[in-house]
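Have a look at the structure below before the remarks.
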Amino acid sequence: MKWRSQCFCFSVSELYIHFLLWNWGTAQKTLLQCPMDATASGTSSISFHNIADPPIPPMVDLPVAAFERQTRHCFGDLKPGEFPLAANPSIVLHVLTACHLDPQDLAKLEVTCIFFRQPADFAPDPELSITELAALDMCQKRAIFRPMKDLQRQELKRRCGGSWKLVLSFLLAGEACCRREKPQAIAGPGHSIVVTSSGAVYSFGSNSSGQLGHGNTKEESRPQLIRSLQGIRIIQAAAGAGRSMLISDAGQVYTFGKDSFGEVEYGSQGSKLITTPLIVESLKGIFAVQVAIGNFFTAVLSREGRVYTISWGNEGKLGHHTEPNDLDAHPLLGALENVPVVQIAAGYCYLLALAFQPDGMSVYSVGCGLGGKLGHGTRTDEKYPRLIEHFQQLRLQPMVVAAGAWHAAVVGRDGRVCTWGWGRYGCLGHGNEDCESVPKVIDSLGNLKAVHVATGDYTTFIVTDTGNVYSFGCGESASLGHNPDADPQGNNMHANVLSPALVTSLKEVNERFVQISLTNSIYWNAHTFALTESGKLYAFGAGDKGQLGVELSANQTERGCPEQVELDLS
């Protein structure tokens, strides 16, 4: 349906028919067939009025002339058979929320018609417009928003720009790039963490520090449920050298393995090992939604979009001065203090933050600048977060950010992919091994539209909107997935790949892939997970510690061809 320059008043039957033509989600099933109450919206904050089911006359019986229809408006003129939208806005509010309209579409409705931008005089806030109420209702359906108190919600609204539509955009952006409340698989250094859609957690692989969370230090080659977490719904996981961290839907952060949060060198650890998940005491007052583990520090993102770091504050490397073994969380100071962040990504010695602003998304970096991996055109360190300005020159709107050990990548709204940092082994995908100190678009991807990117130690994976997977960089441990028996391009499974190449071994699976995770550590041989839309998990690469979750034959230490892990994540 095209919105005209004037606004109209429809009869109930006409409105129903128009929404049928729109084919907006469940609107055609629920608009007039079920009463509109609070349960339909999933929240008690906005109550939809009960509307009796009226008879729907045939189209030929509608006695409304085309000329008369063009002169009517949303507020009605009291003609027989008319149902002025303003008489009961619940019908419109229900449709807007049930169809999960994009915040940009809600904004367009306001521009189109005064009915959508004037105060609706409707609970819970009579001063809000219908579109603002719809955005608020959709915010309340999010697990990280529901527990917030009113003052916390108002503060988040202020940080996002003063509109519930902007708050909804902020929440949706976080869901899109972090897979919150969706199944995920994490390929850590020698061990693996898998989170199902129900929030159950499985772990397997190396367990020398208790990083599997099973209460012991026994190595596991098959996925094992972390039983101590039963009754707790986990929504996000991270894996570092000898330790793991989890976040529950209540915002609590759990850790197990080494009791330190920053490793100054490989093999170092705190005074004790934690073999079962324990809540991080210093984060109890923070509702966390994401955690990222670097080699020297850990970063935590709160639901309000604030970034906190633990360890590696000496010499002001992360905007605060602490000892390396400091276990307290400190807010990341500087440019991001009043800018909400939707995603964080940790490299070996640096941190990237995808920030939300009313005029669009942006990327900030902080930490070690060696190799140009901070993206500012230099190789100098940054003690405070600094905006990567080059995306403006590229006219690219960042949507997903990934931090490898020594290089970084971003996916733009238009599907373009940028990489920068150390180019060793071709991990930047530009056909060479040169370093890039500012983001550079991978031109060889052509018209392919990327939706997801993952980076490791000199390796990069890209997932397109069609569900295909491309990889490039270091081929060590067969972690790129280019099995020579299945790849007509002749890519050897151990060969370095300088430009994006289709992972044909995954293509032959005949599944749509949505997420890739690969080892981001310079100390361990890499392995890779590929997750399908249907919830199937495939693994390949190094498996010497059981981190693939599949049995290997005698004397076999890796798998070049993806094999399905016997675990249902859906």
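Side chains included, hydrogens not; waters and symmetry mates left out as well; all remaining heavy atoms used.
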- request: Would you mind checking if R159 and E304 are paired as a salt bridge, meaning a charged N to carboxylate O distance below 4.0 Å?
  value: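 Salt bridge between E304 and R159, a charged N being under 4.0 Å from a carboxylate O: no.
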- prompt: Should R306 and E337 count as an ion pair when the cut-off is N to O under 4.0 Å?
  reply: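 No salt bridge links R306 with E337.
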Is there a donor-acceptor pair under 3.5 Å between the side chain of [X] and the backbone N or O of [Y]?
X    : Y    : result
Q343 : V401 : yes
R146 : K141 : yes
Q236 : V291 : yes
R303 : V289 : no
Q152 : K149 : yes
D249 : A143 : no
S129 : R117 : no
R386 : E382 : no

Looking at [X] and [Y], what are the two nearest heavy atoms and their distance?
X    : Y    : result
T464 : V451 : O-CG2, 3.6 Å
V453 : A409 : CG2-CB, 3.7 Å
P103 : L172 : CD-CD1, 3.7 Å
V195 : A237 : CG2-CB, 3.9 Å
A454 : I516 : CB-O, 3.3 Å
L506 : F513 : O-CE1, 3.4 Å

Please examine the side chains of [Y] and [X], heavy atoms only from C-beta on, and report whether any two atoms are closer than 4.5 Å.
X    : Y    : answer
V417 : L445 : yes
Y384 : L333 : yes
F116 : L106 : no
Y364 : I388 : no
I344 : L352 : no
L301 : Y308 : no
L133 : P124 : yes
V339 : Q357 : yes

Nearest-0.5 Å distance, [atom1] of residue [X] to [atom2] of residue [Y]:
X    : Y    : atom1 : atom2 : value
F461 : S471 : CZ    : OG    : 4.0 Å
S362 : L354 : OG    : CG    : 7.5 Å
Q397 : Q392 : CD    : CD    : 10.0 Å
L351 : L374 : CG    : CG    : 10.0 Å
Y470 : I442 : OH    : CD1   : 12.5 Å
T466 : L448 : OG1   : CG    : 7.0 Å

- prompt: Which pairs with one or both residues in residues 352-364 pass salt bridge (charged side-chain N to carboxylate O under 4.0 Å, His left out), sequence neighbours excluded?
  reply: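 For residues 352-364: none.
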All pairs passing salt bridge (charged side-chain N to carboxylate O under 4.0 Å, His left out) where residues 124-133 contributes a residue, at least two apart: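 Salt bridge (charged side-chain N to carboxylate O under 4.0 Å, His left out) check on residues 124-133 returns E132-K165.
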- request: Assess whether side-chain contact (heavy atoms from CB on, under 4.5 Å) is satisfied between D414 and K449, documenting all intermediate values.
  value: CA-CA 7 Å; D414 58 6; K449 183 177 182 180; over 6 Å; no
- prompt: Are S365 and H376 linked by a side-chain donor-acceptor pair shorter than 3.5 Å?
  reply: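 Indeed, the side chains of S365 and H376 share at least one donor-acceptor pair under 3.5 Å.
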Donor + acceptor pair across side chains of S517, Q184 (<3.5 Å):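 No, because no side-chain N or O of S517 sits under 3.5 Å from a partner of the opposite role on Q184.
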Criterion side chain to side chain donor-acceptor pair (under 3.5 Å) on S534 and E511, from CA distance to verdict: CA-CA 8 Å; S534 61; E511 288 270 0; 3.0 Å; yes
Among all residues two or more places apart in sequence or in another chain, which pass the side chain to side chain donor-acceptor pair (under 3.5 Å) test with [X]?
X    : result
Y254 : Q252
Q515 : none
S444 : none
T378 : T380

message: If the condition is ring-ring contact (aromatic ring centres under 6.0 Å, His included), which residues does F391 pass it with, not counting sequence neighbours?
response: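 If we apply the ring-ring contact (aromatic ring centres under 6.0 Å, His included) test to F391, skipping adjacent residues, the hits are W420.
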message: Could you walk me through whether Y350 and D381 satisfy the side-chain contact (heavy atoms from CB on, under 4.5 Å) test, starting with their C-alpha distance in whole Å, then the side-chain angles of each, then the deciding distance to 0.1 Å, before giving a yes or no?
response: CA-CA 9 Å; Y350 70 106; D381 298 348; over 6 Å; no
Residues two or more places apart in sequence or in another chain: which of them pass salt bridge (Lys or Arg N to Asp or Glu O under 4.0 Å) with [X]?
X    : result
R158 : E155
R512 : E533
E389 : none
D121 : none

message: As a test of understanding, state which of I234, V194, I232, T196 forms a side chain to side chain contact (heavy atoms under 4.5 Å, CB included) with V201.
response: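 Single pass found, and it is I234.
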message: As a quick check of understanding, evaluate side-chain contact (heavy atoms from CB on, under 4.5 Å) for E175 and V342, giving each step before the final call.
response: CA-CA 9 Å; E175 293 172 4; V342 300; over 6 Å; no
- request: Check side chain to side chain contact (heavy atoms under 4.5 Å, CB included) between V438 and all other residues, then give those that pass, not counting sequence neighbours.
  value: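 So V438 forms a side chain to side chain contact (heavy atoms under 4.5 Å, CB included) with H390.
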- request: Tell me, yes or no, whether the heavy-atom count around K182 atom NZ, taken from other residues, nucleotides or ligands under 6.0 Å, exceeds 12.
  value: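 Not buried by this count: 12 neighbours or fewer within 6.0 Å.
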query: Please walk me through it: do V410 and T419 pass side-chain contact (heavy atoms from CB on, under 4.5 Å)?
result: CA-CA 7 Å; V410 156; T419 56; over 6 Å; no
